[in-house]
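Have a look at the structure below before the remarks.
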Amino acid sequence: MPLRFSSLNLGLVSARAVTAFGVLVALGMTAPSASARKFEARKHPRIRAVAHAFVNATLPGLGLLPIEGDDSAPSDGQKYELKFAHQGGEMIDVVYRVGDTYIPEALDRLNHFLRDSHNQEVTTFDPRTFDVLHTVMAKVGKAGGVINVLSAYRSQETNDALRASGTTNAAEHSQHIEAKAVDMRVEGVPAARLRDAALSLDAGGVGYYPKSQFVHVDTGPVRKWTYAPHASRRKRRHSRT
């Protein structure tokens with residue numbers, strides 16, 4: 001009898017041990033699930049960040065102008081569109097290139113729009129500048145969006161006056177004089193993001209102006225700079241715009 005009682009006790013102990021083990025296993029299986037949910041919750045912002053990364057847009061090959069006297073626009077090929085706005089409210093929306101062919105009439109309209117705002121002088125822009133701007137807009141997910149133009153072409157006279165005023169970072173040999181540069185903002189896109197998109201093209205100069213929140217983009221020599229007029233001399237970096 002004592003032996004049977006002892007065996008019974010052992011059986012009860014074993015049953016309890018199995019039950020306890022089962023509870024521990026169940027807890028062990030549910031705990032990682034809760035952790036996984038927390039991990040997913042933490043991961044979502046990062047997923048959103050990746051979703052807002054640059055669009056995989058590449059700079060198109062150099063286009064061609066039609067033979068002189070041939071005003072017919074190509075009927076097929078990718079259409080390259082740009083929308084510009086001045087602070088005064090003037091706007092333009094134009095398809096400047098189809099496939100590998102630049103549209104002369106469209107380039108004329110862009111040249112006029114990007115004229116020297118101080119003396120209204122018009123010149124001929126390097127059309128490659130338009131390709132760079134078009135690609136930057138695509139990279140930041142704003143293809144078809146509006147580029148707010150702060151400064152485009154500058155005559156030598158205007159550039160000299162700006163340098164003499166001491167109120168800007170205008171360089172002596174500015175790419176604005178060569179009609180190869182645009183200072184730009186895009187609504188809803190931080191200037192730093194525009195800068196990074198332009199830098200990724202490795203197609204010319206990129207200047208970042210964090211205080212004024214705009215970016216300089218040009219098709220001159222490849223270089224970069226940040227203009228922070230109130231930074232210490234040790235940290236301040238100037239460039240040629």
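Keep in mind that the numbers below use all heavy atoms, side chains included, and drop hydrogens, waters and symmetry copies. Note that this is a predicted model, so its numbers are computed, not measured.
- Cluster membership for Leu82 and Tyr153, using ILVMFWY side-chain heavy atoms within less than 4.5 angstrom, is shared.
- Judged by distance alone, with hydrogens and angles left aside, the side-chain atoms of Lys83 form a donor-acceptor pair with the main-chain N or O of Gly144 at under 3.5 Å.
- Here the shortest heavy-atom pairing between His176 and Asp183 reads NE2-OD1, 3.2 Å.
- Between Arg128 and Asp131 there is a salt bridge, since at least one side-chain N of the basic residue sits less than 4.0 Å from a carboxylate O of the acidic one.
- Closest approach of Ala191 to Val215, counting heavy atoms only: O-CG2, 3.2 Å.
- In terms of the salt bridge (charged side-chain N to carboxylate O under 4.0 Å, His left out) criterion, Glu81 has no residue partners (sequence neighbours excluded).
- Exactly one of Asp160, Thr123, Asp116 qualifies for a side-chain hydrogen bond (donor to acceptor under 3.5 Å, both in side chains) with Ser155. That residue is Asp116.
- Considering CD1 of Ile147 and CG of Leu114, their distance stands at 9.0 Å, rounded to 0.5 Å.
- Of the possible polar contacts, one joining the Arg163 side chain to the Ala170 backbone as a donor-acceptor pair under 3.5 Å is found.
- Classified by interplanar angle (parallel below 30°, tilted 30° to 60°, perpendicular above 60°), the ring pair Tyr102/Tyr96 is parallel.
- In summary, Arg223 and Asp218 engage in a salt bridge, as defined by a charged side-chain N under 4.0 Å from a carboxylate O.
- Across every non-hydrogen atom of Ala181 and His216, the tightest pair is CB-CE1, 3.5 Å.
- Looking at residues two or more places apart in sequence or on another chain, you find no salt bridge (charged side-chain N to carboxylate O under 4.0 Å, His left out) involving Arg185.
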